[in-house]
Asks: 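I'd like to ask some things about the structure below.
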Protein chains: 2
Amino acid sequence: MSITIAVPRETASGERRVAIVPSVIKQLDKLGVTLRMQRGAGEAGGFTDDLYEGATLVDDTSALYDGADIVLRVQPPSVEEAGKLPEGSLLLGFLTPHEGDSRIKNLQKRRVSSFALELVPRITRAQGIDALSSQGNIAGYKCALMAAHLSPKLFPMLTTAAGTVRPARVVVVGAGVAGLQAIATAKRLGAIVEAYDVRAATKEQVESLGGKFIDTGVSAEGEGGYARELTDEEKAQQAEVLAQHIAQSDAVVTTAAIPGRPAPTIIDAETVQRMKAGSVIVDMAAETGGNCELTEAGKEVVAHGVTIAGPKNIPSMAATHASEMYARNLCNLLALLIKDGEIHLDWDDQVVADSCLTHDGEIRHAPTRERVEGGN
Amino acid sequence: MSITIAVPRETASGERRVAIVPSVIKQLDKLGVTLRMQRGAGEAGGFTDDLYEGATLVDDTSALYDGADIVLRVQPPSVEEAGKLPEGSLLLGFLTPHEGDSRIKNLQKRRVSSFALELVPRITRAQGIDALSSQGNIAGYKCALMAAHLSPKLFPMLTTAAGTVRPARVVVVGAGVAGLQAIATAKRLGAIVEAYDVRAATKEQVESLGGKFIDTGVSAEGEGGYARELTDEEKAQQAEVLAQHIAQSDAVVTTAAIPGRPAPTIIDAETVQRMKAGSVIVDMAAETGGNCELTEAGKEVVAHGVTIAGPKNIPSMAATHASEMYARNLCNLLALLIKDGEIHLDWDDQVVADSCLTHDGEIRHAPTRERVEGGN
């Protein structure tokens, strides 16, 4: 009997993505698996049920999970749902290992082998599985667009009969995957783009996209492609040089994140006050506290004449392509977990071992285990 | 005594533009005029009072208009305000000559010499005064951005570790100033752009921007840079060919307008139904009835899985640059009306004669006169 993969309709509020899209069905066929979809799962992402050729469609999650071997999700299951997953099944998705202890305990109890996409190691071989990057790419694009959309200025230079309009000045803070895509998108639109990252090594990448790197004299290379946290002095110096550039800009996109921790405050209220009336800040880190002191998650606020947008779940705004890329990430991970039509977990494979959150009744991710079981 | 120019704060709901921006003050100085601004007039456009160097700031419109020679506006004055303008003064702005009879009668009664920017002839010499073009340019940019913002797909092609995302297909209907800028903006963002205009002569312009011209086999060159209205048969043929292209697109921007008349319906409900789920229509003609049958002015509606946006007063969304370009248009027109520091109306100048709506108690624009006075 072949492996059955179950894909539920996402239940988190505002989530429009889906874990599997029709274009990856061929890839799943090659793995020799059977696809079972909850009706309407892809609808919000633009994938109607009829597009899922060969998949079995079911109405509710009990029918979906009955006898299923692998469950694929975008967002983590609710605590309740985690407790109803098929015993001993595999679960792949974003699982926010740094929070949600009750959910994690339920996965443990059900002896679910759960793989968190947040834990996929950032090594070359795992690039095709790196959903933080694929979704960050989309978020960077969307945030630059949002900045242009909210700005009372045009981004490109226009030479018209009514004179010349100068290009907008855009500052991008954080030059990870999302920041780089924000730079690329603002450049596409014709803006003059400056960018900053605490990791000085990103200078070359910023410049390769046509951006100008802001040198604050502070560097902080960290682990896993992320930045380490800065000292107070470094922060002050960084903030002052950055504030000068931000004060002269028309739009700012901030993308500075530290995994599992609150986002660093990079733009304080005073800096916002120094900005020109009509300027725009799009804060990609709104959900983890924001890079701007005045950001309110899920809202657009105006302070000192500056519009500050704190969008939530940005990849979901481009649900079609975000789902496509995410589905490919999942298929690439599945290819590591399925051998000759059977589930085979190779713990010598760094990608398998590192990304596993729970397995066989144990929490395998050490920091999570210490947090969840430390208080027992 | 020098000529006094008065610039009120715009009163129309949602209007963020202002008729004069600080950067044109030098140009006004050369004309030898005195500038009087209503306090806060530029604020919504990002121009605070302190930026208007040398201008007199006043609080209310009675102080503003007292002894003023020329009034500069973006939107037409209200009926009441038109009746309070300084007797015999000049008024320059968008004046919607095709409607608002009471307002026009009030301008006539006050013997105001009013110049409507909608009536500026589309001749080479008047390009710098053509505010329909300058504002249309901005509207085209904003509508393409809005389409990208609302789309669940990315416009550019992305080649990532999670595979390649194909570029979006965008159809632009109407290749006037706004349509051409929408094409340019969608191309900047990396989309594949097809465009259509009833005037086959626009083919070359579309292609020069990297767009592909949709050939429906129907042509309708009209006067003044606009298209003539089509026959029913022509409309059906146009609609069917267009519908095929629209059905395959990810986003559509419609910009088809006939001055002073309802916008032509180009996308009917049936065509919307043929579109892919998740597609987007941005209808620039929403305010005059819409190019899409399902458009609701000022709203975003979803029909058959397609998001249809009908934005109102689009140039106002880019109020800073829209005001800048508009202010330059006005200054260029003023330069034709002021000679050696005095108002001098040269009726032999086609631009002056054609754009004049009312003067010395008469309605000078023939179609408006016939409509307003025909019923007396």
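Residue numbers start from 1 in every chain, and the chains themselves are labelled A, B, ... in the order their sequence lines are given, proteins ahead of strands.
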Asks: Can you check whether B/Gly40's main-chain N or O pairs, donor with acceptor, with B/Asp49's side chain at less than 3.5 Å?
Replies: yes

Asks: Only pairs of heavy atoms separated by less than 4.5 Å count here; which of B/Ala161, B/Ala131, B/Gly278, B/Ser133 has the most with chain A?
Replies: B/Ala161

Asks: Most heavy-atom pairs under 4.5 angstrom with chain A, which of B/Asn137, B/Asp130, B/Thr185?
Replies: B/Asn137

Asks: So, B/Lys142 side chain and A/His149 main chain: donor-acceptor pair closer than 3.5 Å or not?
Replies: yes

Asks: Below 4.5 Å, heavy-atom pairs only: which of B/Pro156, B/Gly190, B/Cys331 has the largest tally toward chain A?
Replies: B/Pro156

Asks: Given the options A/Pro152, A/Gly305, A/Gly46, A/Gly45, which has more heavy-atom pairs under 4.5 Å with chain B than any of the others?
Replies: A/Pro152

Asks: Are any side-chain N or O atoms of A/Tyr52 and backbone N or O atoms of A/Phe47, one a donor and one an acceptor, separated by less than 3.5 Å?
Replies: no

Asks: So for A/Gln181, is it side chain, backbone, both, or neither that comes closer than 4.5 Å to the heavy atoms of chain B?
Replies: side chain

Asks: Show your working on side-chain contact (heavy atoms from CB on, under 4.5 Å) between B/Val193 and B/Val172 and close with a plain yes or no.
Replies: CA-CA 7 Å; B/Val193 183; B/Val172 175; 4.2 Å; yes

Asks: Counting heavy-atom pairs under 4.5 Å to chain B, which of A/Thr160, A/Leu150, A/Thr48 comes out on top?
Replies: A/Thr160

Asks: Could you tell me whether B/Glu10 and B/Arg73 make a salt bridge, using a distance below 4.0 angstrom between a side-chain N and a carboxylate O?
Replies: yes

Asks: State whether the side chain of B/Arg9 and the backbone N or O of B/Arg39 hold a donor-acceptor pair below 3.5 Å, judged by distance alone.
Replies: yes

Asks: With a 4.5 angstrom heavy-atom cut-off, which part of A/Arg328 approaches chain B: side chain, backbone, both or neither?
Replies: side chain

Asks: Below 4.5 Å, heavy-atom pairs only: which of B/Ala162, B/Gly163, B/Ala327 has the largest tally toward chain A?
Replies: B/Ala162

Asks: Is the centre of the B/Tyr326 ring less than 6.0 Å from the centre of the B/Phe94 ring?
Replies: yes

Asks: Do B/Lys153 and B/Asp250 meet the salt-bridge criterion of a basic N to acidic O distance under 4.0 Å?
Replies: yes

Asks: May I ask you to test the A/Ile281-A/Val306 pair for a side-chain heavy-atom distance under 4.5 Å?
Replies: yes

Asks: Between B/Ala148, B/Ala44, B/Ala277, who has the most heavy-atom pairs with chain A when the cutoff is under 4.5 Å?
Replies: B/Ala148

Asks: Please answer whether the main-chain N or O of A/Lys276 pairs with a side-chain N or O of A/Ser279 as donor and acceptor at a distance below 3.5 Å.
Replies: yes

Asks: Answer yes or no: is there a donor N or O on one side and an acceptor on the other, between the side chain of A/Asn332 and the main chain of A/Gly128, under 3.5 Å?
Replies: yes

Asks: Out of B/Asn329, B/Leu154, B/Ile138, B/Ile129, return the one with the most heavy atom pairs under 4.5 angstrom to chain A.
Replies: B/Leu154

Asks: Below 4.5 Å from any heavy atom of chain A, which atoms of B/Leu158 appear? Answer side chain, backbone, both or neither.
Replies: side chain

Asks: Tell me, side chain or backbone of A/Ser151 under 4.5 Å from chain B's heavy atoms, or both, or neither?
Replies: backbone

Asks: Of the backbone (N, CA, C, O) and the side chain (C-beta and beyond), which part of B/Arg16 lies under 4.5 Å from a heavy atom of chain A, both, or neither?
Replies: neither

Asks: For residues B/Val120 and B/Asp354, determine if any side-chain heavy atom of one lies less than 4.5 Å from a side-chain heavy atom of the other.
Replies: no

Asks: Heavy atoms under 4.5 Å from chain A: which residues of residues 309-324 of chain B carry them?
Replies: B/Met317, B/Ala318, B/Ala319, B/Thr320, B/His321

